[in-house]
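What's counted below: heavy atoms across the whole structure, side chains too, no hydrogens, waters or symmetry copies.
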Amino acid sequence: MGNSLAIVVVGGSAKDVGKTALVCAVIAALSDFAWTAVKITGHGYEPAHSAGREGESSKLTIREESSAEDETDTARYLAAGARRALLVTGIRTDGQAGEIQRALAGDRSVIFESNRIIDVVRPDVCLALIGGSGTELKPSFLMLLHKADAMVSVGGELQVAEAPPEILRFSLQSPDCVSPELVSWLRTRLAQPAIESEWRPPRVSDGDCGSCR
């Protein structure tokens, strides 16, 4: 992923909080970036026409979406205007991040839907999406929250004790409709030279780093 124009990471506080919707909204609002969108999950996934079984995640699999008509998150990326859409499953060790990097070698603007990818990518922008009050925060989200550039809440601004006090905050009525303020801020941040965005060298690890969800 050399000479990247932009790298964005979108993480979420819990399952079904609206990460995919927010990624799609950013893709549509900033369509001139010609995004490659990547969903990373530790859960195995196979489309209905595949011979694989759901839950098989013993090895890293990188699957490129070919149709915007399918009922998958990656198809939603394409429907929103992404140039490419990839699903990465079964990532268990930091060293496997190199395989993802090679799959993105020709891409300049990449948006990730993942919490733990922040461990190996230094993005231009990291957004931490949080849902309704009372939702238990995933440990991987708490890690991302302390590296995020902005926190995005849905349905009104939420008070999150774990959030850094200086973090920028945006409130949306729905994750699939980004506000003009958020779009303007993203454009300003992404217009700056992306000298800080990069892949970090994978850490040496003796065990399972957990899924990059």
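No donor-acceptor contact under 3.5 angstrom links the side chains of Thr72 and Asp70, judged on distance only.
Salt bridge absent: Asp176 and Arg76 never bring a charged side-chain N and a carboxylate O closer than 4.0 Å.
In this structure a side-chain-to-backbone donor-acceptor pair under 3.5 Å is missing from Asp149 to Leu168. Using a distance-only test at 3.5 Å, with no hydrogens or angles considered, no donor-acceptor pair links the side chain of Ser174 to the main chain of Cys177. In this structure a side-chain-to-backbone donor-acceptor pair under 3.5 Å is present from Thr188 to Ser184.
Heavy-atom minimum distance, Gly11 versus Leu144: CA-CD1, 4.0 Å. When all heavy atoms of Asp107 and Arg84 are compared, the pair lying nearest together is OD2-NH1, 2.5 Å. The minimum heavy-atom distance linking Arg189 with Asp124 is given by the pair NH2-O, 3.0 Å. Counting all heavy atoms, side chain and backbone alike, Cys126 lies closest to Ile118 at SG-CD1, 3.9 Å. The two residues Leu78 and Ala68 make their nearest non-hydrogen contact at CB-CB, 3.8 Å. Of all heavy-atom pairs spanning Lys39 and Tyr77, the tightest one is CB-OH, 3.3 Å.
Every pair passing ring pair (Phe, Tyr, Trp, His ring centres under 6.0 Å) that includes a residue from residues 10-34 is listed here, sequence neighbours excluded: Phe33-Trp35.
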